[in-house]
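Written out below as structure tokens is the structure these notes cover.
All values derive from a computational prediction rather than experimental measurement. Start at 1 and go down the list; that is how both ligands and their atoms are numbered.
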Amino acid sequence: MALVSLWQDRHPARDLEQQPVEGHADVVVVGGGITGLMTALLLGRAGRSVTLLEAEHVGHGTTGRSTAKVSLLQGTQLSQIAQRHAADVVVDYVVANTEAQAWVARFCDDHQVDVQRRPAYTYAHGSRGRTAARRELTLARRAGLDATWQDELDLPFPTAGAVRLDNQLQLDPMELLHALAEQATAHGVRIVEGARVLKVRSEDRVRVETESGTMVADRLVVATNMPILDRGGFFARAHPARSYGIAFATDQPRVDGMYLSADAPSRSLRDVPTADGSLLLVGGAGHTTGRGAPESTRFDSLRRWTAEHYPGARETHAWSAQDYVPAHALPYVGPLVPRQERILVAGGYSKWGMTNGVAAALALAAEILGGHIEWARVMRTWSRHEVSGAPEHLRINGEVGFEMARGWVRPLRPASEGPQEGTGRVRYDHLGAPTAEATVNGHTARVSAVCTHLGGIVRFNDAERTWDCPLHGSRFGPDGEVVEGPAVCGLRRA
Ligand SMILES: Cc1cc2nc3c(=O)[nH]c(=O)nc-3n(C[C@H](O)[C@H](O)[C@H](O)COP(=O)(O)OP(=O)(O)OC[C@H]3O[C@@H](n4cnc5c(N)ncnc54)[C@H](O)[C@@H]3O)c2cc1C
Ligand code: FES
């Protein structure tokens, strides 16, 4: 089965219309996910000339593979924030997300995007999870959310209670993105797909270079999840968290809410209404990209778990995606480098970008249009809040250093035959250069194993048949082409 998300399968990419990348725009936005499209729409509505450049097609990135709960109850995210920040930061975070959720609800209502209202749950498998969920309940209530505790849950496996927040939203993220793109276009935004940004120069204006041309802009918004520009060093302050989703047809009653576990095993559940009844969406089995057990075993663990608790469930779609988790547990939204407002970035949503990406777009548009949003300070890049993540930065970079060294010193023996179908390996070539070779669909390709971002050694992902970098999460196809950044250039041909 091809690894395509349920949403991307429902809304296949249109054939790309070749559009030139040239001329001038007030603002160039890079990235056709929720952050980029919504920023472009807000700026287009305000009368700015905007061009959005997307490397592949709208929804190619994480938004098109999201579980798409638009929820203010976010697992134990408030606890993560409260561990590092003062109580008023938690409150501002909730206010930001509440405004974002209301914006999505209004937009979907105005533009006929289907939305379901469901209770959200942060549930516990056992006593540790119960303690964590209880803590989240306290924080949620302190921040003004009308959350309650529920001891018994209507789930086919043992649980130890849950926080519940009623009236949250879930949707099909590709339907939302296409509506955003349509509205943006109606407000004069030019959306150019198939335009990967390779380089940016900031002089008196910003010069944006792509594979298919160059254009200039007064301002640039980089909404590529992890910024593709290294100058701000965001890659060193967040780790790439990859996780897995599988949709199932099942004869059991539809799951009655949006669930996320507070303890291991990490599991996310929601329903997806279809013309033929309801699908069950099961997510989880996350890990840092390019590290740990083989990716195929992550899908297997979700399949086994579902077969045990939802016997007879029939798989319809399986896919995987990644989001970035910043050390300071808050999104980063603002200037790429301190005190230079020409280039803005946004990302680091810790798997809660369906609201945080919207909040980021509101904050970015306000910044560009000269407005002021009080809560935006908690997400601001280079603010004092980011400093609170310093010990975690050290841990992240310690792990990155270890992975870097391990990739280069691992004994890599030359081999005479190509790898078997669906497998890949890294070995030294006759000149001593690390070479990645994989056989996919009967074709063996050999490329450099050195990541073009900052020199990590890539690892073969046996589920998606890609080369994944364990340092900052760049991913490449078997022939070396970029699948996702922060890298912008493919692996060199060996
Ligand atoms: C498995 C999973 C489940 C999730 N579930 C939820 C959920 O239930 N609720 C929730 O709130 N959040 C969820 N999230 C998080 C949420 O989906 C993301 O935070 C959000 O979609 C990120 O949006 P974005 O616009 O910043 O990035 P993306 O959607 O990744 O968009 C970035 C775009 O930039 C493009 N791009 C990259 N490099 C370049 C370049 N060089 N030039 C031009 N374009 C480029 C990419 O092709 C991509 O289309 C989940 C995340 C994961 C991984
Ligand atoms: S992603 Fe940074 S070195 Fe590979």
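- For His453 and Phe235, the ring centers sit closer than 6.0 Å to each other.
- The distance criterion of under 3.5 Å between nitrogen or oxygen atoms is not met by Gly59 with respect to ligand 1.
- With respect to the salt-bridge test (charged N to carboxylate O, under 4.0 angstrom), the residues Arg219 and Asp26 do not qualify.
- Contact annotation: Ser320 has no heavy atom less than 4.0 Å from any atom of ligand 1.
- For atom 43 (C) of ligand 1, the nearest non-hydrogen atom of the protein is Ala55 N, 3.2 Å.
- Listed by number with element, the atoms of ligand 1 under 4.0 angstrom from any heavy atom of Ser243 are 1 (C).
- Taking distance alone, with nitrogen or oxygen atoms compared against 3.5 Å, Ala241 stays at or beyond that limit from ligand 1.
- When the options Leu229, Asn356, Thr39, Thr224 are ranked by their closest heavy atom to atom 37 (C) of ligand 1, first place goes to Thr224.
- The shortest N or O to N or O distance between Glu56 and ligand 1 is not under 3.5 Å.
- Those atoms of ligand 1 that come under 4.0 Å of a heavy atom in Gly33, given as number and element, are 25 (O), 29 (O), 31 (O).
- Within the set Asp323, Thr35, Leu171, Thr63, the minimum heavy-atom distance to atom 21 (O) of ligand 1 is found for Thr63.
- Residue Gly485 places no heavy atom under 4.0 Å from ligand 1.
- Taken from CG in Leu153 to OH in Tyr123, the straight-line distance is 9.0 Å, to the nearest 0.5 Å.
- Using a 4.0 Å heavy-atom cutoff, Gly357 is absent from the residues neighbouring ligand 1.
- Under a 4.0 angstrom heavy-atom cut-off, Gly283 registers as lying outside contact with ligand 1.
- Between the side chain of Thr39 and the backbone N or O of Thr35, at least one donor-acceptor pair lies under 3.5 Å.
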Evaluate the criterion ring-ring contact (aromatic ring centres under 6.0 Å, His included) for residue pair Tyr244 and His287; output intermediate values, then yes/no. CA-CA 10 Å; Tyr244 299 80; His287 62 103; 5.7 Å; yes
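- Taking the ring centroids of Phe460 and Trp467, they lie under the 6.0 Å cut-off.
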If you apply the rule salt bridge (Lys or Arg N to Asp or Glu O under 4.0 Å), what do you find for Glu295 with Arg465, and how did you get there?
CA-CA 10 Å; Glu295 288 73 6; Arg465 301 184 176 182; over 6 Å; no
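- Under a cutoff of 6.0 Å and an axis angle of 45°, Arg298 and Trp319 do not form a cation-pi pair.
- Of the N or O atoms in Arg65, none lie within a sub-3.5 Å distance of an N or O in ligand 1.
- Counting protein heavy atoms only, atom 35 (C) of ligand 1 is closest to Glu54 OE1, 3.2 Å.
- Each of the atoms 43 (C), 44 (N) of ligand 1 lies under 4.0 Å from some heavy atom of Leu53.
- Within the sub-2.8 Å shell of atom 2 (Fe) of ligand 2, the protein contributes these N/O/S atoms: His453 ND1, His472 ND1.
- Side-chain rings of Tyr324 and Tyr349 stay apart, their centers remaining 6.0 Å or farther from each other.
- Atoms of ligand 1 lying under 4.0 Å from any heavy atom of Ile228, numbered from 1 in the order shown and given with element: 38 (N), 41 (N).
- In this structure, Arg196 does not pair ionically with Glu209, as no charged nitrogen and carboxylate oxygen lie closer than 4.0 Å.
- Close approach of ligand 1 to Ala321 (heavy-atom distance below 4.0 Å) involves ligand atoms 53 (C).
- At least one N or O atom of Met354, backbone or side chain, sits closer than 3.5 Å to an N or O atom of ligand 1.
- Legend: salt bridge (Lys or Arg N to Asp or Glu O under 4.0 Å) pairs involving residues 471-488, not counting sequence neighbours, sorted by first then second residue: Arg242-Glu484, Glu464-Arg475, Asp468-Arg475, Arg475-Glu484.
- Between Asp256 and Arg254, none of the side-chain N atoms (NZ, or NE/NH1/NH2) sits under 4.0 Å from a carboxylate O, so this pair counts as no salt bridge.
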After noting the C-alpha distance and the side-chain angles of Asp300 and Arg303, does the key distance pass the salt bridge (Lys or Arg N to Asp or Glu O under 4.0 Å) rule?
-> CA-CA 5 Å; Asp300 292 344; Arg303 289 185 179 118; 3.6 Å; yes
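- The shortest N or O to N or O distance between Lys69 and ligand 1 is under 3.5 Å.
- A distance of 11.5 Å separates CD of Gln168 from NZ of Lys69, quoted to the nearest 0.5 Å.
- Those atoms of ligand 1 with a heavy atom of Gly61 less than 4.0 angstrom away are 29 (O), 30 (O), 48 (C), 49 (O).
- Close approach to Trp352 involves these atoms of ligand 1, each under 4.0 Å from a residue heavy atom: 9 (N), 10 (C), 11 (O), 12 (N), 15 (C).
- Every atom of ligand 1 with a heavy atom of Val30 under 4.0 Å away is listed here by number and element: 42 (N), 43 (C), 44 (N).
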